[in-house]
Student: 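My questions all concern the structure below.
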Amino acid sequence: MNSSSVRKIRIGNTPADGGTRASSIEVGGESCLPYHQFEGIMPCKPVIAWEIPDVRPDDWCETVKDPYRELLGDPVGWARYVVEKHGARIICLDLRGARLDKENRSAAASVELLRGLLKDVKVPLIIKGPGPGQKQNEVIAACAEAAQGERCLLASAVGEEYKTLVAAAIAYGHLVVAESPIDVNLCKQLNILISDLSFPSDRIVIDPLTGGLGYGLEYTYSVMERIRLQALSGDAMMQMPFINFVGGEVWKAKEVKMPAAKEPMWGNERERGVLWEVATAVSLLYAGAGILVMRHPAAIAVVEKTIENLMKNG
Amino acid sequence: MKLTGLQIFKLLPNKNCKECGFQTCLAFAMKLAAKQAKIDACPYASPEAKETLGAAAAPPIRLVTIGMGERAVRIGEELVMFRHEKAFFHKTALAPQVDDLMGREEILARLREVCAFSVARAGENLLLDLVAIKEKSGAPEKFAQTVKFTAEQCLLPLVLVSKRSACMRAALESVGSSRPLLWGADGNNADEMAALAKEFACPLVIEGEGVEALAQMACRAAEKGVDDLVLCPVSSGAAGRLRDFTLLRRHALSRSLRGSGYPLIMSASSKGYEGAVAAVGGICKYASVIVLEDPAPWTYFPLLTLRQGIYTDPQKPLQVKPGVYIIGDAGGNAPLLVTTNFSLTYFMVSSEVEASEIPSRLLIVDAEGQSVLTAWAAGKFNAEVIAKAVVAQELAASVPHKRIIIPGYVAMISGDLEDKLPGWNVMVGPQESADIPAYLKEVWARATA
């Protein structure tokens, strides 16, 4: 690999690598700005991870619940559905039910769900913990162990609390998401701290923190461009691919929920909402996104097609 | 390209005549390089020297104006490849399209949507900028009628889209004095279109395949006296468009290709999501005008929101001023919420409070522009900081109910805060701002019933 390329990372172990996934996924590896294949190489196309919450997501708005109606409380069935019906190549299991302010589900419950999912669904996995705090550490450590050898992507190592998550990734052979708050220097610092634990750089994915369209998207966009330019100029501690948690940021905005009856100028809320997710995701592709975590099947289909078009050598 | 004093000196006559007001030609050259003198002060400067210096002083991408008056659209004069390097200045103009095969009613319906569109967001009125009219009939008379009708119904500047110079001339007879953008010239009609652009003093789109060939065509149009040009590289697909727009922008900024220093135009031809996706690419990467050929009304708000974000000044601080913000007609009984002065936090919280339609007061604490959890971890948003702000703002006097709602993410400080604010009741709000309306309607209403 060129010393001024983005690192290529691989998520998911097939039986050949000691896992049980039917396929694995590679992202990164590009030696040029996003889709600049006229002046460099971009060997891997960005992927979309389908977000599947562990408990019934009552706070999701109707537009994004509609396509999944009968599956909402059934994460394994839901995951099977998106793989079989929509060709999902990777799943992001969101263990939000373990949050203190949600259902405060135990680590054991998360593990049980994860085991079921690993058995029934054979695509690579992103495991997203309940967020900073003691609970995160318990849940992620237990899940990392349960998924030993599967080479999952664990989210997220953040701030002071990166060590437990990184230790779990080292012990059980996973990758980590390193999350920093829209800041070039803090991003690099966290990557260095994680590398200092002897964690290999090709198992780190950067979460620059995603702002949805209208809620700070442009900050995320520019911080990604800055990080990527530094990576391409040879800064090894910036050469990790990006992950953007798009769905959660987009679908909580009032702009996707407001009925057209109340704001006629805003237009049909279903299509407006889907486009809100699409526009956020596509802008981030132009800034270098490698993994986009998304929710709505219609939005995902449009973004998949956009990726195909951008990857064609124009 | 900026010239150095020595490079300029070589262009001067080296007579040391002092007529420019400086002792030597070298001293004058240094002043020119520092932009503290003008080449016109030298009576003996050659035309070549004047041209070279003039070109070096001009902005790398020409400023082009479409239309006249209040709604005139200015594009170009961009200075960077990436917005973080400085900023993007003249925002991408969006131009929904009608055509001369559409019925009057259909045209009117679209024009009504376009002209009436206005959404207030983050201190700006989001508006559409231009209307494009495409000639599909091949009939000069028909095109001219449609153009005239559109201009009567809608005050936005126009983009006239036709490759037939007879059609273009017919349209210009009625609207030629309003400075529409003419799209335009290609390999077959370049001379006739340039003549029309010159005659009616209108900006002209030059369309061509290949970045170098396109720049050459632009040079020829400029030689014919058309200065206000807009370039349209004919590219295949999204990747080809990105390549051509990137190369043209690079050439323009580095002045490495004569004829590349003009704003760029593209067309989003698909319907629905795909058309919008093309426009997203154009807004992010270097399009100054995007013609939306078959736009759906629900695409306008997301696209204009994206444009607003991409074209804000990234150097602008991410903080809002600490203090008490009144939302709605908030009297003494209105809830009081507290959060940090990170501008995104403020924006999200205030827009949710607004959406709740419950008049409220929002205490913004100086947390050095950090978000709630980050600020708490750094000791910038704890009980002490909040208590100080409550005292400094004399809220005990103006908030008779003495209840303060803190973000759910800092629930752990509620006890400490009650200790530091004797007599106050600290309520723990939701973690996510999206849950604020429900919180105010249920928890707050119950607590104060």
Side-chain angles (χ1 to χ4, degrees), chain A residues 33-39 59 99-101 131-132 159-160 181-182 211 213-219 221-223 225-226 229 252-255 257-258 260 263 265-272 274-276 278-280 282-283 286-287 298-299 301-303 305-306 309-314, chain B residues 82-84 116-119 121-122 235-244 246-247 272-274 276-277 280-281 283-285 296-303 305-306 308-312 314 318 343-344 347-348 351-352 354-355 370-371 373-374 377 408 411 430-435 437:
Chain A
L33 286 166
Y35 314 101
H36 280 210
Q37 294 188 84
F38 55 93
E39 57 187 4
D59 56 336
R99 286 197 337 225
L100 300 175
D101 67 324
E160 312 280 291
I182 317 192
L213 174 59
Y215 292 89
L217 170 64
E218 62 275 17
Y219 296 111
Y221 180 92
S222 281
V223 105
E225 289 199 325
R226 291 178 63 194
L229 286 165
K252 68 184 183 192
K254 73 169 181 224
E255 286 80 356
K257 295 179 188 163
M258 188 68 75
E263 291 283 358
M265 209 71 91
W266 295 14
N268 177 297
E269 67 264 22
R270 183 190 171 272
E271 283 149 325
R272 184 205 325 138
V274 169
L275 182 55
W276 215 268
V278 167
T280 304
V282 171
S283 310
Y286 278 95
V302 173
V303 177
K305 185 153 185 219
T306 306
N309 288 335
L310 281 166
M311 290 299 290
K312 276 183 205 151
N313 235 322
Chain B
F82 302 99
R83 57 188 291 282
H84 68 257
F117 187 90
S118 168
V119 175
R121 195 167 200 291
S235 326
S236 77
R241 189 207 69 82
L242 176 66
R243 178 199 59 215
D244 290 349
T246 302
L247 292 176
Y273 295 125
E274 281 180 49
V277 161
V280 166
I283 290 167
C284 291
K285 293 294 172 188
W298 46 266
T299 61
Y300 297 148
F301 184 29
L303 289 177
T305 303
L306 175 66
Q308 180 182 40
I310 294 293
Y311 279 80
T312 52
L318 283 168
S343 62
L344 293 178
F347 185 47
M348 289 174 75
S351 81
E352 290 300 339
E354 229 170 84
Q370 295 176 342
S371 64
L373 263 185
T374 319
Q431 289 194 345
E432 295 294 337
S433 56
D435 300 326

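Here the structure is a predicted model, which is why all the values come from computation and not from measurement. Here is how names work: the chains are called A, B, and so on, in the same order as the sequence lines, proteins then strands, and each is numbered from 1.
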Student: With chain A as the partner, which of B:Cys284, B:Gly272, B:Ala434, B:Gly408 has the greatest number of non-hydrogen pairs under 4.5 Å?
Tutor: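 Of B:Cys284, B:Gly272, B:Ala434, B:Gly408, B:Cys284 has the most heavy-atom pairs under 4.5 Å with chain A.
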Student: Heavy-atom distances under 4.5 Å only: say whether B:Tyr300 touches chain A with side chain, backbone, both or neither.
Tutor: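 Nothing of B:Tyr300, per the 4.5 Å heavy-atom cut-off to chain A.
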Student: Does the side chain of A:Leu275 reach to within under 4.5 Å of the side chain of B:Phe301, using non-hydrogen atoms?
Tutor: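 No, their side chains stay 4.5 Å or more apart.
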Student: Taking all non-hydrogen atoms of both residues, which atom of A:Tyr221 and which atom of B:Lys285 are closest, and how far apart?
Tutor: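 For A:Tyr221 versus B:Lys285, the nearest heavy atoms are OH-CE, 3.5 Å.
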Student: So A:Val223 and B:His84, do their side chains get closer than 4.5 Å, heavy atoms only?
Tutor: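 Counting from C-beta outward, B:His84 and A:Val223 never come under 4.5 Å.
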Student: If you look at every heavy atom in A:Gly214 and B:Thr305, which pair is closest and at what distance?
Tutor: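 Minimum heavy-atom separation between A:Gly214 and B:Thr305: CA-CG2, 3.6 Å.
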Student: With chain A as the partner, which of B:Pro437, B:Ser118, B:Pro430 has the greatest number of non-hydrogen pairs under 4.5 Å?
Tutor: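 Maximum pair count with chain A is reached by B:Ser118.
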Student: Counting C-beta onward and ignoring hydrogens, is there a side-chain heavy-atom pair between A:Lys252 and B:Glu352 closer than 4.5 Å?
Tutor: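 Result no, sub-4.5 Å side-chain heavy-atom pair not found.
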Student: Of the listed residues (A:Glu225, A:Arg272, A:Arg99), which shares the most heavy-atom pairs with chain B below a 4.5 Å separation?
Tutor: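 Counting heavy-atom pairs under 4.5 Å, the top option is A:Glu225.
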Student: Can you tell me which portion of B:Ser351 sits under 4.5 Å from chain A's heavy atoms? Options are side chain, backbone, both or neither.
Tutor: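 Both backbone and side chain of B:Ser351 come within 4.5 Å of chain A.
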Student: Quick one: what part of B:Gln370 sits under 4.5 Å from any heavy atom of chain A, side chain, backbone, both or neither?
Tutor: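 Contact with chain A involves no heavy atom of B:Gln370 at all.
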Student: Taking only residues two or more places apart in sequence or in another chain, which ones pass ring-ring contact (aromatic ring centres under 6.0 Å, His included) with B:Tyr273?
Tutor: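 Per chain and number, B:Tyr273 pairs via ring-ring contact (aromatic ring centres under 6.0 Å, His included) with B:Trp298.
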Student: Flag the pair A:His36 / B:Thr246 as yes when at least one side-chain heavy-atom distance between them is below 4.5 Å, and no otherwise.
Tutor: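 In contact.
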Student: For the residue pair B:Arg121 and A:Tyr215, would you count it as a cation-pi contact if the rule is NZ or CZ under 6.0 angstrom from the ring centre and within 45 degrees of the ring axis?
Tutor: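 Ring-cation test returns yes.
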Student: Who among A:Glu269, A:Lys254, A:Met265 has the most heavy-atom pairs with chain B under 4.5 Å?
Tutor: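 Of the candidates given, the most pairs with chain B belong to A:Met265.
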Student: With a 4.5 angstrom heavy-atom cut-off, which part of A:Leu310 approaches chain B: side chain, backbone, both or neither?
Tutor: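 It is both, since atoms from each part get that close.
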Student: Heavy-atom distances under 4.5 Å only: say whether A:Phe38 touches chain B with side chain, backbone, both or neither.
Tutor: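 Side chain of A:Phe38 only, per the 4.5 Å heavy-atom cut-off to chain B.
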Student: With a 4.5 angstrom heavy-atom cut-off, is it the side chain or the backbone of B:Ser235 that approaches chain A, or both, or neither?
Tutor: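 No part of B:Ser235 comes within 4.5 Å of chain A.
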Student: With a 4.5 angstrom heavy-atom cut-off, which part of B:Leu303 approaches chain A: side chain, backbone, both or neither?
Tutor: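 Contact with chain A is absent: no heavy atom of B:Leu303 under 4.5 Å.
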Student: Of the backbone (N, CA, C, O) and the side chain (C-beta and beyond), which part of A:Glu39 lies under 4.5 Å from a heavy atom of chain B, both, or neither?
Tutor: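 Looking at A:Glu39, just its side chain touches chain B.
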Student: Highest number of heavy-atom pairs under 4.5 Å with chain A: which of B:Glu432, B:Arg83, B:Met348, B:Glu274?
Tutor: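 Of B:Glu432, B:Arg83, B:Met348, B:Glu274, B:Arg83 has the most heavy-atom pairs under 4.5 Å with chain A.
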Student: Quick check: do A:Leu33 and A:Leu229 have side-chain heavy atoms less than 4.5 Å from each other?
Tutor: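 Yes, at least one pair of side-chain atoms sits under 4.5 Å.
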Student: Quick check on B:Ser433 against chain A: is it the side chain, the backbone, both or neither that has a heavy atom closer than 4.5 Å?
Tutor: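 Neither part, no heavy atoms under 4.5 Å.
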Student: Using a cut-off of under 4.5 Å on heavy-atom pairs, state which of A:Leu217, A:Val274, A:Val278, A:Asp59 scores highest against chain B.
Tutor: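 Winner by heavy-atom pair count: A:Val274.
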Student: Test of understanding: with ring-ring contact (aromatic ring centres under 6.0 Å, His included), list the residues that count as partners of A:Tyr286, not counting sequence neighbours.
Tutor: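 Applying ring-ring contact (aromatic ring centres under 6.0 Å, His included) to A:Tyr286 gives none.
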Student: Out of A:Pro181, A:Ser283, A:Ala279, return the one with the most heavy atom pairs under 4.5 angstrom to chain B.
Tutor: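 The answer is A:Ser283.
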